[in-house]
Structure formats: C-alpha cells, structure tokens
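What follows is a short report on a single structure.
All residue numbers refer to positions in the sequence shown, counting from 1. Bear in mind the structure is a predicted one, so any value in this text is a computation, not a measurement.
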Amino acid sequence: MQAATLRVLVAAAAMSLAGWAQAAKPTVADAEKFVKDAEARLEKLAIDAGRAEWVAENFITDDTEVITAQAGERYLTLSGELALKARQFNGLKLPEATARKLKLLQLSLMFSNAEDRADYTRLLAKLTGAYGKGKYCPKDGNACMPLGELEKILAESRDPARLKEVWLGWHNQAASYKDDYVKYTALSNKGAREMGFADTGAFWRSNYDMPPAQFASEMERIWQQVKPLYDALHTYTRYKLRETYGPQVVPASGPIPAHLFGNMWSQSWENLYPLLKPAVAQSSYDLSKVLESRKTSAVDMTKYAERFYTSLGMETLPKSFWERSLLTKPRDREVVCHASAWDIDGDMDVRIKMCITPTAEEFSVIHHELGHIYYDLGYRKQSFLFKNGANDGFHEAIGDTVALSITPDYLQKIGLMTETPDPAQDIGPLLQRALAKVAFLPFAYTVDSWRWQVYGGQVKPADYDKAWWALREKYQGMMRPEPISANGFDAGAKFHVASDTPYARYFLAHMLQFQFHRALCREAGYTGPLHRCSIYDNKKAGAKFQAMLQMGASKPWPEALKAVTGEDRIDGGALLEYFAPLKAWLDTQNQQLAAADKARNKS
Ligand code: X8Z
Ligand code: ZN
C-alpha cells in the first residue's frame, strides 16, 4: 500500500518533469546556471545546519534538539527539491564537472510529505542526543556512569564479572531508544524510495562511483582477502585470553564472549596488548603511561598532531580552531563525546569536538580528527558540492594514514619515548597496531551488513539482536556475554547506529590508509619494511598527499587514489604487506600454542 503510493508520487514527479522538458529542452547553460544557484543555496543552509548541530551536540537540551532538527529539515527540503529538479538534465551532454555535480545533487533523500520530513530530522536529533546522554545506572544505587567511565573499566579491569556488568549496562540502555530508531529507519526508507533508491542501504551503497551491487561485492572481496590475517589474530588472542580468564570463561572453539576484548564494541583490542605481547618483548614501553605521567593536556595532545601535519608542509591550524573546538569533557553539561571534526563554513572555521584523555589510543584519534580538518582545509577552494572527500572512506583514511607514521623512531624523535627502539624487537609494536587495525575489520563489515539488512527489510525490529549477533559471530567470531533479551537493541549501543552514520567508510579507510602509507613512504624514498616507515617531516610525501586533499570530491575517487598511489581500486594488498612479518609470527605462535595444548590434554 505504502510502496504503491510512493511509486505514484515518483511517477508523478517524473511526468511533470517530462512535460517541462517538452516545453523547453534544457541547455548546457541552463544546467550550469542551475548548478551554480543550487550550490549557493545549499551552502547557506548547510552552514546554518552545521552551526545548529554544533550547538546541539555541545549542549544537549530539548531546545537545541528542536533547533537542529529544524535546520536539518530546511536543508533536506531544499536538497530533495534540487535532487528532483536535477533529473531534468540527465542525458544531456555536459562538461565533466557539471555532470558530476548534477549526479552528486541526486544523491539525496526526498520527502514529498512535510510531516515525514520533520519527523525524520526530529528523530535523528533525538537519537543522537539520547546516545550522548546515555548512562548505565547500577541497580545497587551507585552513581550512574557515562560511556567514558564504562570504557575505562573495560580497558583496564581484568575481572570478568565486572566487565560483563559494565558491558551489559551500556548495551541494555540502548533499548530505550529502539522505538525511535524503528520509526526513523522506516521514514528514511520512505525518503530513499521517493528518490528512486530501493531503500536507504542501496542509497548509501550508491555513493561510490559504481553500482550499489558492485560496491557490496567489493566489500566482500576485500574481506575475504584480509580474513586469514584476522583469523590468525583471533586464534592467538583466544589462547592468551584462555590463559588469563580460564577455560570456563573462554571456550576452546566457537565464538568468544565480546566483553573480554578491552573495548565496548570489541572493535579495537589495543587494550589487550599487555596480555598478548610477545614474551621476548624486552621493552616495557607504554605511550599511555608516558602521556599520563607527564599530565599531557588535551591542547598538547592536539599540538603534537598539528606538528605532524605542519612537518609535511601543511598550514598551521587557524586561531579560531583553538578558540572554538571542544577538547575536554565539560563537567557541567551533557555533550556528545564521540570524537568528530567539523567544517562549519567551508572555509577556515574548522573545529573538533572530542573529550580527550591522555592515552595512546586517543593520541591516534586526535591525528585521525586532524586528518578530517586538513582535508576540509585542503579542499576549501573547491565549490560547494566538491567540498568533500573523494569518497567517505578517503575522509576517514587521511588522519589514520598520518597516524601510521607514529612509529617508535618517531616517538623517540619528538621526545615521547626515552628508550632507543630496537628494530629486532618490533613484533611488539606491530602486534599492537594489528590489535587496533586488523581486529577492527570484521566489526566494520558487520555494522553496515546489519544495517543493509535492516534497511532492506530482511531484518524486522523483533529480530534486530538476533541478526546483529549472527553477523558478529560470523565475522568477528564473538558472542554476547548473555543470551539476547527481548526487544534489546545492542547495535544501537554504537554511536554510528544511533546517529545513523554510515560505517562502510571505516572499512574502506582501513584499506586506503595502508595504500596511502605505502605510496607516501615510496615517495619519501623509503625502501624498508612498511611498519617502520614514518613520513614525518617529509615535504615531498606531504606535497603529494596535499595535492590529493585539494582535489576534494571533484573527480571520481579512483582518480584521487591514482594521484597518490598509482592504483585505481581499494584493496587489502598494502595492509597485508604491512602486517606480513606479524602474520608469519602469529602462524608460528599458533602452531606452538596448539602443540602445547595438545601435549597438555594428553598428559
Ligand atoms: O568514529 C570514528 C572517529 C570519528 S569519524 C573517531 N571512528 C570509528 C569509531 O570510533 O567507531 C574512527 C575509527 C572507527
Ligand atoms: Zn573520522
């Protein structure tokens, strides 16, 4: 019934456009004028919406939620209207840039019903706020804990009961906004279908300069390529977790309980490093300890990152960045603490919002965030529709590429490491990096595999958790610490689900950053193993990178990739090359651990 109504609406819109086309066939000049006007109007509303959103996420209140929803609605009204109008130029032979802009304009949701549109933006603002305010309130009456505190316990505690309590506490709170999410996704699908997409998942998969089905198979191809490395890491981690927690907690085979990986979503296992580090590792070096003991401030953390970018020849951050960014968690109000980078005016008003703590993990995250900022600054001379990443995976990959250059040698150079790194002992740092990067891959794949099923209608709300855990078991080899609860919403305990931010971008970014790293190291004349390369202070590599940043979204992404790497597809080869020494080491360890296990079982 609903779908039929929608088909009628879309057909009606197409007919009126066809009628218009008959009346006066649009010309190239019409198209160019249309695009120019569209960009000017969209830019203005985008700036308004950005400011409203900034305030809403920095001060979560009922009023700021309404204000941001309204600004979002105004933007969506215009972008939907322009997306439909842009269709009149389809098929017209146009200059490349104009044709590309018209294509980008059509990547929008479209609501012919104003009430639906208002509900859609209202629910999105509400969901983002609900996640930001989320807390676990223990039944014993102890103080409620925000996510940051829960994450710290997961990172540091080795008490499985405490880990489980905290894990469940956070996951269970997400059920409170499940109903809103269900309503929201239904509306989103409605908007996607009105624009001619099969559903919102298909709309998301249409953002990569290739047909949506091809994008899905590319993701699967890459996952299969990197899976053997993940499997080796998972096997090794199981042995070590069994040594720590015992066979009652960690089974010898099958999925491992998800609360034991040192992270709320088990997406990074970096915090397990002390349990997993090679026995031979002579170094007890710990960047978190150094940062904490020196009481490194949030501003200092950010300055370290800025210095990396300026060492590549990039500009210093504008004064307003330091004045307007939020770098520490305020004590007196609710904010969305999930780290983010903001390009407020398409020019120099760039900011980050992050509740920085002095840990090694956050040291990487701050480099990640500044990657977004330097991309924003790099493409600021482009016109509005091209002020974006070549695709969203590129945006996520810039800062991570830079952070791959945070090597022991680099840390020593900037005075954050006092020992002299021993290259014969570098399996330790490489394992540490794999715990962040390789462990992440199946999680990243899971998040949008789940959402594609939700948006595609294959998974109904009653089965959200069933489907979520089927995927987490299949890809990550993990299970829920307790059976799923009726009407639970574990996926909603992840920021990007609650705030409806697509996630495939991070999967792509984890391939791209190794491709960029390899290419930039070559550009710098480096010929050794990839994991020891740092492009710090190399202006030649920096210039190559910056040239790509400046392109923004003006060209299809394979061209941007080619400009830096010479490759034209996203691929796991560079990641595998980077971790090759670790893969060999893991295989040996796993063989030895299996043999020891066997011997123990016999005796
Ligand atoms: O959300 C982020 C960034 C902001 S774009 C901090 N990341 C993903 C996550 O935290 O889940 C970075 C890696 C994955
Ligand atoms: Zn990011």
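Summarising the geometry, atom CZ belonging to Arg518 is positioned 12.5 Å from atom CG belonging to Leu404; distances are rounded to the nearest 0.5 Å.
You'll find the ring centres of Phe489 and Trp468 outside the 6.0 Å limit. For Trp585 and Tyr236, the gap between ring centers is short of 6.0 Å. Taking the six-membered ring wherever Trp is involved, the centroid distance between the rings of Tyr374 and Phe545 does not fall below 6.0 Å.
Under a 3.5 Å cut-off, the side chain of His517 and the backbone N or O of Gln513 do not form any donor-acceptor pair. Gln173 places a side-chain N or O within 3.5 Å of a backbone atom of Trp170 that can act as its donor or acceptor partner.
At a threshold of 4.0 Å, the pair Arg221-Asp571 counts as salt-bridged, since one of the basic side-chain nitrogens sits closer than that to a carboxylate oxygen. A salt bridge does not link Lys413 with Asp409: none of the charged nitrogens is closer than 4.0 Å to a carboxylate oxygen.
Under 3.5 Å, the side chains of Gln432 and Glu270 contain no donor-acceptor pair of N or O atoms. In summary, the side chains of Glu220 and Gln224 do present a donor paired with an acceptor at a separation below 3.5 Å, with no hydrogens or angles considered. A donor-acceptor contact under 3.5 angstrom links the side chains of Tyr578 and Arg433, judged on distance only. Side-chain contact check for His496 and Tyr506: at least one donor-acceptor pair (N or O, by modelled atom type) lies under 3.5 Å. Looking only at atom types and distance, the side chain of Asn263 has no donor-acceptor partner in the side chain of Glu151 under 3.5 Å away. Donor-acceptor pairing under 3.5 Å is lacking for the side chains of Asp448 and Trp204. Side-chain polar atoms of Tyr208 and Asp392 form a donor-acceptor pair below 3.5 angstrom. Between the side chains of His510 and Glu396, not a single donor N or O lies within less than 3.5 Å of an accepting N or O.
When side chains are defined from C-beta on, Thr446 does not count as touching Trp469, because their heavy atoms never get closer than 4.5 Å.
The number of heavy-atom neighbours closer than 6.0 Å to NZ of Lys152, taken from other residues, nucleotides and ligands shown, is 12 or below.
Between Phe443 and Phe440, the ring planes lie tilted relative to each other; the angle falls in the 30° to 60° range. Between Phe261 and Trp269, the angle of the ring planes lies from 30° to 60°, which puts this pair in the tilted group.
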*Start with the C-alpha distance between Glu165 and Arg162, add both sets of side-chain angles, then the distance that settles salt bridge (charged side-chain N to carboxylate O under 4.0 Å, His left out), and finish with yes or no.*
CA-CA 5 Å; Glu165 179 205 346; Arg162 179 76 172 138; 3.0 Å; yes
*Can you list the steps and then say if Asp400 with Lys437 is a salt bridge (charged side-chain N to carboxylate O under 4.0 Å, His left out)?*
CA-CA 10 Å; Asp400 281 13; Lys437 303 291 177 184; 3.5 Å; yes
